[in-house]
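So the structure is just underneath, and the comments pick up after that.
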Amino acid sequence: VQLVESGGGLVQPGGSLRLSCATSGFSFEDYVIGWFRQAPGRQREAVASINTNKRTTRYGTTRYADSVKGRFTISCDNAKRTVYLQMNSLKPEDTAVYYCARVYSDYITASPDEYDTWGQGTQVTVSS
């Protein structure tokens, strides 16, 4: 089972980045995939999650943290087993290590404790 993040980097305030979470080794559509972030000295927080199960009416449902609504968009490509996080209008406070993770569920949850497998993370730094 693997989740591998990519796409992080250094960007100026107001800029954009697209993160990717490539997965393997499990049944992609049985899981909710979430993006989380952790800044130095702070707890890990949920950013966005998506239901990837095409067999249910909940397919494509999403959840966002209030701090990123209207700026970030989560999406999935089931054929590629990949979840994306498009981040626009980035702010310095978005600086963190971003992780993707999976939870075996039909319903979206924002609690990190419920996610059982995590990627290694990708650094996003927003600075001028």
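Fair warning: this is a prediction, and the values are worked out from it, not measured in the lab.
Smallest separation of non-hydrogen atoms from Ile108 and Ser49: CG2-CB, 3.6 Å. Nearest approach of Cys21 to Trp35, heavy atoms of both residues: CB-CZ2, 3.5 Å. Taking both residues in full, the closest heavy atoms of Ala96 and Ala39 are given as CB-N, 3.9 Å, listed atom of the first, atom of the second, then distance. Taking all atoms of both residues into account, the shortest heavy-atom contact from Ser89 to Ser16 is N-OG, 4.4 Å. The two residues Ala48 and Leu85 make their nearest non-hydrogen contact at CB-CD1, 4.1 Å. Scanning both residues, Leu90 and Arg71, for their nearest heavy atoms gives CA-NH1, 3.9 Å.
Under the 4.5 Å side-chain heavy-atom criterion for Ile, Leu, Val, Met, Phe, Trp and Tyr, Ile50 and Tyr31 are members of the same hydrophobic cluster. Val32 and Leu19 fall into different hydrophobic clusters, where Ile, Leu, Val, Met, Phe, Trp and Tyr side chains are chained together by heavy-atom contacts under 4.5 Å.
Proximity of a side-chain donor or acceptor of Ser128 to a complementary backbone N or O of Gln12 within less than 3.5 Å is not detected. At distances below 3.5 Å, at least one donor-acceptor pair connects side-chain atoms of Thr82 with backbone N or O atoms of Lys80. The backbone N or O of Val4 sits nowhere less than 3.5 Å from a side-chain atom of Gln120 that would complete a donor-acceptor pair. A side-chain donor-acceptor contact under 3.5 Å links Glu5 to the backbone of Cys100. Panel note: side chain Gln2, backbone Ser24; no donor-acceptor pair is recorded below 3.5 Å.
A cation-pi contact, defined as under 6.0 Å to the ring centre and within 45° of the axis, is absent between Arg102 and Trp118. Relative to the ring axis of Tyr107, Arg58 places its NZ or CZ within 45° and under 6.0 Å from the centre. A cation-pi arrangement, defined by a distance under 6.0 Å to the six-membered ring centre and an angle within 45 degrees of its axis, is present between Arg18 and Tyr84.
Few gaps surround CZ on Arg55; more than 12 heavy atoms of other groups in view lie less than 6.0 Å from it. Crowding of Glu93 atom CD: a count of heavy atoms from other residues, nucleotides or ligands under 6.0 Å exceeding 12. The environment of Gln123 atom CD is dense: over 12 non-hydrogen atoms of other residues, nucleotides or ligands sit within 6.0 angstrom.
Taking the centre of each ring, Phe72 and Tyr64 stay at or above the 6.0 Å mark.
Looking at Lys69 and Asp66, a side-chain N of the basic residue comes within less than 4.0 Å of a carboxylate O on the acidic one, giving a salt bridge.
Note: Phe36 and Tyr115 have perpendicular aromatic rings, judged against thresholds of 30 and 60 degrees for the angle between ring planes.
Note that the NZ atom of Lys91 and the OG atom of Ser67 stand 8.0 Å from one another [nearest 0.5 Å]. Separation of atoms OG1 (Thr73) and CG (Asn88) is listed at 6.5 Å; rounding is to 0.5 Å. Taken from OG in Ser105 to CG in Asn53, the straight-line distance is 10.0 Å, to the nearest 0.5 Å.
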Test Thr52 against Glu29 for side-chain hydrogen bond (donor to acceptor under 3.5 Å, both in side chains), laying out the working first. CA-CA 5 Å; Thr52 66; Glu29 295 184 354; over 6 Å; no

Given the rule in the side-chain contact (heavy atoms from CB on, under 4.5 Å) test, do Tyr98 and Leu17 qualify, once you have shown the distances and angles that lead to the verdict? CA-CA 12 Å; Tyr98 283 69; Leu17 283 174; over 6 Å; no

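Looking at heavy atoms from C-beta onward, Arg37 lies in side-chain contact with Val68 at the 4.5 angstrom threshold.
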